[in-house]
Q: 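Here it is: the structure, laid out below.
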Number of protein chains: 2
Amino acid sequence: MEHRIEKIKKQLHSQSYKLTPQREATVRVLLENEEDHLSAEDVYLLVKEKAPEIGLATVYRTLELLSELKVVDKINFGDGVSRYDLRKEGAEHFHHHLVCGECGSVEEIEDDLLEDVEKIVESDWGFKVKDHRLTFHGVCRKCQADSKTNTALSS
Amino acid sequence: MEHRIEKIKKQLHSQSYKLTPQREATVRVLLENEEDHLSAEDVYLLVKEKAPEIGLATVYRTLELLSELKVVDKINFGDGVSRYDLRKEGAEHFHHHLVCGECGSVEEIEDDLLEDVEKIVESDWGFKVKDHRLTFHGVCRKCQADSKTNTALSS
DNA sequence: TTCTGTGCAAACATTTTGCAAAGTC
DNA sequence: GACTTTGCAAAATGTTTGCACAGAA
């Protein structure tokens, strides 16, 4: 945890940005909620618990900054809100998501499933891939099981 | 062109919706600009040329409706705007996109590159895939060529 | 007439910006 | 003192909603 903050601090410094208390609080919230996909508002509310004097605009500005530094990735699952997701240590690419249409849960996939696909895109389309966004929409394991149970009960 | 309108008309009717003049004008704009990735505003302005009395809300409502019917797909490339993309005839899945970070161009890929990946997701994660969103961010062929030329010139 | 669809304007939600004050080097 | 960062409030943006009216079945 602490070493990840240190690392981000160095990344900021290398571009002559400072890790202010507000920025640090924001980063800590992101680290503590790595599994979730927080919106700016979510982050704001959580940061406010530790640092009540922070403003929403600052959170936006911080998230924007972290986005530029590729510390976080900004994603959008189709509802109108941007969500911010910490990039895993050493990850070159953004991880993938499984969004369940029934319960709304979002599962993360770390494995890079796209290596082969990227090779095809680079060779067949001449497109130099720098990053990707891959999201599957469907039904998660749990909801599939639930709906089977319900079907069984109602029949 | 006409037969695609007919088809959409039938799809609407099957759910007891009507293909009103406004809706038809909207669909036509989408058909005529299939290559582009129009925002609601873009569609609105183009529809207005043919049917000046149409309101923006109607365009939104139409796009929403077409989205539900899976006639169009709503996408978001990271700028704050939703874009609407006609689903190709007979396509079960949404097609993929290559977004160039230099010139902003968006290229479409029809091939289903994800068959294998989906199989892995279904077997390893137990996730029933219904649809996907795949976007690559990078540098398109043209911009790569341009930057090579510039490098050569400036050296 | 009943129901669907429309246009307009107002409401809404999210995000960005201007600016003066505060903090840092 | 020059420069960065912040908080607040206002503005901008994109989208949705309420409602009275128009149109089709």
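Naming convention: chains lettered A, B, ... in sequence-line order (proteins, then strands); numbering from 1 in each chain. Note: hydrogens, waters and symmetry copies are ignored here, and every other heavy atom, side chains too, is used.
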Q: In whole angstroms, how far is the C1' atom of D:dA9 from the CD atom of A:Glu53?
A: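 Those two atoms, CD and C1', are 18 Å apart.
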Q: Within this structure, what is the CG-to-P distance between B:Asn76 and C:dT15, rounded to whole angstrom?
A: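 After rounding, the gap between these two atoms is 11 Å.
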Q: Answer yes or no: is there an ion pair linking A:Lys142 with A:Glu107, defined by an N-O contact shorter than 4.0 Å?
A: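 No, no charged N to carboxylate O under 4.0 Å.
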Q: Using 30° and 60° as the class limits, which term best fits the ring planes of B:His96 and B:His132: parallel, tilted or perpendicular?
A: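 Tilted.
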Q: Start with the C-alpha distance between A:Leu30 and A:Leu66, add both sets of side-chain angles, then the distance that settles side-chain contact (heavy atoms from CB on, under 4.5 Å), and finish with yes or no.
A: CA-CA 11 Å; A:Leu30 292 172; A:Leu66 294 174; 3.9 Å; yes
Q: If you measure from the Lys or Arg side-chain nitrogens to the Asp or Glu carboxylate oxygens, is any gap between B:Arg28 and B:Glu24 under 4.0 Å?
A: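 Here B:Arg28 pairs with B:Glu24 in a salt bridge, since their nearest N and O are under 4.0 Å apart.
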Q: Any side-chain heavy atom of A:Asp73 sitting closer than 4.5 Å to one from A:Arg133?
A: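 Answer yes - side chains close enough.
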Q: Look for any protein N or O under 3.5 Å of an N or O in nucleotides 3-5 of chain D and output each such pair with its distance, or none.
A:
residue	atom	partner	partner atom	Å
D:dT5	OP1	A:Lys18	N	3.1
D:dT5	OP1	A:Arg23	NH1	3.0
D:dT5	O5'	A:Arg23	NH2	3.4

Q: For the residue pair B:Glu102 and B:Cys143, what are the closest heavy atoms and their distance?
A: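 Closest pair (atom of B:Glu102, atom of B:Cys143, distance): CB-SG, 3.6 Å.
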Q: Answer yes if the side chains of B:His137 and A:Asp131 hold a donor-acceptor pair under 3.5 Å, and no otherwise.
A: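 Result is no, nothing qualifies.
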Q: Whole angstrom is fine here: how far is it from CG in B:Leu19 over to P in D:dA24?
A: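 Atom CG in B:Leu19 sits about 13 Å away from atom P in D:dA24.
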Q: Tell me whether A:Lys130 is salt-bridged to A:Glu118, with the criterion being a basic N under 4.0 Å from an acidic carboxylate O.
A: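 No salt bridge links A:Lys130 with A:Glu118.
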Q: At a cut-off of 3.5 Å, list every protein nitrogen or oxygen paired with a nitrogen or oxygen from nucleotides 12-16 of chain D, distance to 0.1 Å.
A:
residue	atom	partner	partner atom	Å
D:dT15	OP1	B:Ser82	N	3.1
D:dT15	OP1	B:Ser82	OG	3.2
D:dT15	OP2	B:Tyr60	OH	2.6
D:dT15	O5'	B:Tyr60	OH	3.2

Q: Rounded to the Å, how far apart are A:Arg61 CZ and C:dT14 C1'?
A: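 Taking atom C1' of C:dT14 as the reference, CZ of A:Arg61 is at 15 Å.
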